[in-house]
Amino acid sequence: MKSIKTILITGGAGFIGSHVIRLFVNKYPNYRIINLDKLTYAGNLENLSDIEDLPNYTFVKGDIVDTELIQRLFSEEDIDSVIHLAAESHVDRSITDPTDFIKTNIIGTTNLLTVAKTAWHGESDHLFYHISTDEVYGSLSEGLFTESTPYDPQSPYSASKASSDHFVRAFSNTYGLPAIISNCSNNYGPNQFPEKLIPLCINNIKNRRPLPIYGKGENIRDWLYVEDHASAIDVIFHKGSTFETYNIGGLNEWKNIDVVKVLCRIMDTKLERNIKESEKLITFVRDRAGHDLRYAIDSSKITNELGWSPSVTFEVGLEQTVDWYLKNDPWLSNIVSGEYKKYYDSQYD
Ligand code: NAD
Ligand code: DAU
C-alpha cells in the first residue's frame, strides 16, 4: 500500500468491529475512519460512545447490500482501503433462518467487492481486508486448522462465510483486486452480544438463571480475547502480504463445560456467593443441530511472518470480561430487556 488516508470499516458497531475502530482511531490519528453499520440487533453505538466525537471518526448508518450507498461513499470519501467485518454472526440464528446470512454475508460482501473493484481501477495501492472465521474449515478431529486446510463449512453461518471468502479470492484471481483474508477462532471480551456462550452465561449467572449447555458440553473452541484479535487485524492490515490468508487463534482450547465452570468460579468469588453455588445452574439442553465438535487454529504463519501472538491469558481475559459486564449493567440491561427476550424464549424454552 502506498499511503493510507481513508479506511472504510464495516460492522464497526458490533462486538469485534467496535474494538477494531477504537484501536485504529486512537492509534492512527492521521487516518480517516468511516464506520458503515446497519445497526442490526447486534450493532450498538453505545459500544463507541467514548470515541464518537474524535475528528478522524465518522459513522454512517447503512446496509452493505445497498449498492448506491456504497458507490456514493467510495466516490465522495475517496476510500483507499476496506476492513470488512459486517456480518450476521450467530450460528443458532442461521439455523433458524439463513436468509439474512445469505443477504449480508454473501450478497453484501460481493457488493462491496464490486464497488471497490470499480472504484480502484485495478490499482495495486489499495486493500480489501476481509475478516472471516475458522468455522469455514468445518469440525476438527485431530491436529489444527492451517491456512491450507480445505474448506468444509457445516452450518448455514459458516457456509455463508465460506462463500464470502471464495468471492474475495475470486475477485483477486479474476480482477486482481488486492485483498487479504484472516480466519479467526472464537472471540470473547467486553461488548459481546449476550446470545453468545460467554456473555450469555455471565448474564445468567448474575441473575441466577439456568446456564444452557448444548449436548454434553464437550464441544471444544479455541478462545481469543477480542483485543488480541483487534491487534492481529492491525498487524495484518499494515504488514500482511496482499493475496495471502492468515489464521488467528489463541492456542487455547477448552471444552464448553469447563469454560462455564471457570466462569461460575470467577463470578461466585466476585459476587461473594458460596463456593460452587453457580455451577448448580448448569443445565444440559438439546444439542445445536450439526454442532461442530472442535475448532483449533495453528497461528504460526502470523506469528512467524508478522510477529503477532496473543497477549492476554484466558484467566485474565475472563476476569476482565466479567468485570466489564458487572460494571456495565445498563449496557446489558438495555439489550436483555428488549427484542432479546423474545429471541431467548424461542431459542431456549
Ligand atoms: P456482531 O454480530 O457482534 O457484529 C456484526 C455487526 O455488523 C453489527 O454491528 C451489525 O449491525 C453489522 N451488520 C450486520 N449486517 C449488516 C449489513 N447488512 N450492513 C452493514 N452492517 C451490518 O459480529 P462480531 O462477532 O463482531 O463479528 C464481526 C466479524 O468477525 C464477522 O464477519 C464474523 O464473521 C467475524 N468473526 C467473528 C468471530 C467471533 O468469535 N465473534 C470470530 C471470527 C470471525
Ligand atoms: O469460531 C469462530 C466463531 O465463533 C465465529 O465465527 C462466530 O461468529 C461466533 O459466534 C462463534 O461461533 P460459536 O458457535 O462457536 O459461538 P457461540 O458462543 O454461539 O457458542 C460457543 C460454543 O458454546 C458452541 O460449541 C455452542 C455452545 N453453546 C452456545 C450457546 C449460545 C452452548 O452450549 N450453549 C449456548 O447457549
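None of the values given here were measured: they were computed from a predicted structure. When a ligand or atom number is given, it counts from 1 through the structure's own listing order.
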>> Using a 4.0 Å cut-off to any heavy atom of Ile131, which atoms of ligand 1 qualify?
In response: 30 (O), 32 (O)
>> Between the side chains of Asp37 and Lys61, is the shortest nitrogen-to-carboxylate-oxygen separation below 4.0 Å, so that they form an ion pair?
In response: no
> Got the closest protein heavy atom to atom 38 (C) of ligand 1, with its distance?
Replying inline: Ile16 CD1, 3.5 Å
> Would His238 and Tyr129 count as a close aromatic pair, with their ring centres under 6.0 Å?
Replying inline: no
> Counting heavy atoms only, which of Phe284, Tyr157, Phe193, Tyr348 comes nearest to atom 6 (O) of ligand 2?
Replying inline: Tyr157
> Quick one: does NZ or CZ of Arg93 land under 6.0 Å from the six-membered ring centre of Tyr343, within 45 degrees of the ring axis?
Replying inline: yes
> Any nitrogen or oxygen of Thr104, main chain or side chain, under 3.5 Å from a nitrogen or oxygen of ligand 1?
Replying inline: yes
> Which of the numbered atoms in ligand 1 are below 4.0 angstrom from a heavy atom of Cys184?
Replying inline: 42 (C), 43 (C)
> So between Lys255, His291, His90, whose heavy atom ends up nearest atom 26 (C) of ligand 2?
Replying inline: His291
> Which ligand 1 atoms does Ser132 reach within 4.0 Å, using its non-hydrogen atoms?
Replying inline: 43 (C), 44 (C)
>> Quick one, Asp78 with Lys5, criterion salt bridge (charged side-chain N to carboxylate O under 4.0 Å, His left out). Give me CA distance, side-chain angles, the key distance, then yes/no.
In response: CA-CA 8 Å; Asp78 199 16; Lys5 295 175 298 287; 5.0 Å; no
>> I want to check a possible cation-pi pair here: Arg209 against Tyr348, using under 6.0 Å from ring centre and within 45° of the ring axis as the test.
In response: no
> In the protein, which heavy atom is nearest to atom 23 (O) of ligand 2, and how far is it?
Replying inline: Asn256 ND2, 3.3 Å
> What protein heavy atom sits nearest atom 40 (O) of ligand 1, and how far off is it?
Replying inline: Asn187 N, 2.8 Å
> What protein heavy atom sits nearest atom 8 (C) of ligand 1, and how far away is it?
Replying inline: Asp37 OD2, 3.6 Å
> Any idea which atoms of ligand 1 are less than 4.0 Å away from a heavy-atom of Gly62?
Replying inline: 19 (N), 20 (C)
>> Checking the N or O distance criterion of under 3.5 Å, is ligand 1 in contact with Ala86?
In response: no
> In the protein, what heavy atom is nearest to atom 33 (O) of ligand 2, and what distance, to one decimal place, separates them?
Replying inline: Tyr214 N, 2.8 Å
> What class does the angle between the rings of Phe237 and Phe24 fall in, given that below 30° is parallel, 30 to 60° is tilted and above 60° is perpendicular?
Replying inline: perpendicular
> Any luck finding a side-chain donor-acceptor pair between Gln347 and Asp345 under 3.5 Å?
Replying inline: no
>> Please list, in number order, the atoms of ligand 2 under 4.0 Å from a heavy atom of Val91.
In response: 14 (O)
>> Testing Trp331, Tyr325, Tyr41 one by one against Phe193 for a ring pair (Phe, Tyr, Trp, His ring centres under 6.0 Å), which residue passes?
In response: Tyr41
>> Which option wins on minimum heavy-atom distance to atom 19 (O) of ligand 2: Gln347, Glu218, Arg288?
In response: Arg288
>> Pair Asp268, Lys276 - check salt bridge (charged side-chain N to carboxylate O under 4.0 Å, His left out), show working.
In response: CA-CA 7 Å; Asp268 281 343; Lys276 298 214 172 185; over 6 Å; no
>> Please determine whether any non-hydrogen atom of Ser185 lies less than 4.0 Å from an atom of ligand 1.
In response: yes
> Between Phe74 and His121, does the ring centroid distance fall short of 6.0 Å?
Replying inline: no
>> Can you tell me which portion of Lys103 lies within the under-4.0 Å heavy-atom range of ligand 1? Options are side chain, backbone, both, or neither.
In response: neither
>> Please list, in number order, the atoms of ligand 2 under 4.0 Å from a heavy atom of Glu195.
In response: 31 (C)
> Considering only protein heavy atoms, which is closest to atom 21 (N) of ligand 1, and at what distance to one decimal place?
Replying inline: Lys38 N, 3.0 Å
>> If I apply the N/O under 3.5 Å rule, does Gln192 come out as touching ligand 1?
In response: no
> When the aromatic ring centroids of His130 and Phe167 are compared, is their separation below 6.0 Å?
Replying inline: no
> Can Val65 be said to touch ligand 1, with heavy atoms closer than 4.0 Å?
Replying inline: no
> Think Arg221 forms a cation-pi with Tyr188, using NZ or CZ under 6.0 Å from the six-ring centre and within 45 degrees of its axis?
Replying inline: no
> At a 4.0 Å threshold, what atoms of ligand 2 neighbour a non-hydrogen atom of Pro212?
Replying inline: 32 (C), 33 (O), 34 (N), 35 (C), 36 (O)
> Can you tell me which residue and heavy atom of the protein come closest to atom 9 (C) of ligand 2, and the distance to 0.1 Å?
Replying inline: Ser89 O, 3.9 Å
> Hey, which atoms in ligand 1 end up nearer than 4.0 Å to a heavy atom of Thr40?
Replying inline: 10 (C), 11 (O), 14 (C), 15 (N)
> Considering only the protein, which heavy-atom contact is closest to atom 11 (C) of ligand 2, and what is its distance?
Replying inline: Asn186 ND2, 3.5 Å
> If you measure from each heavy atom of Thr10 to ligand 1, is any distance below 4.0 Å?
Replying inline: no
> Any Lys/Arg nitrogen of Lys270 or Glu319 sitting under 4.0 Å from an Asp/Glu carboxylate oxygen of the other?
Replying inline: yes
> Which ligand 1 atoms, with their elements, are less than 4.0 angstrom from a heavy-atom of Leu39?
Replying inline: 11 (O)
> How does Glu135 reach ligand 2, by side chain, by backbone, by both or by neither, if only non-hydrogen atoms under 4.0 Å count?
Replying inline: side chain
> Can you list the ligand 1 atoms lying under 4.0 Å from a non-hydrogen atom of Asn186?
Replying inline: 40 (O)
> Any idea which atoms of ligand 1 are less than 4.0 Å away from a heavy-atom of Lys161?
Replying inline: 31 (C), 32 (O), 33 (C), 34 (O)
> Of all the atoms in ligand 2, which lie at a distance below 4.0 Å from a heavy atom belonging to Ile213?
Replying inline: 33 (O)
> Which residue owns the protein heavy atom closest to atom 1 (O) of ligand 2, what's the atom, and how far is it?
Replying inline: Asp134 OD1, 2.6 Å
> What protein heavy atom is closest to atom 18 (O) of ligand 2, reported as residue, atom name and distance in Å?
Replying inline: Leu197 N, 2.8 Å
>> Heavy-atom contact check, 4.0 Å cutoff: does Tyr157 meet ligand 1?
In response: yes
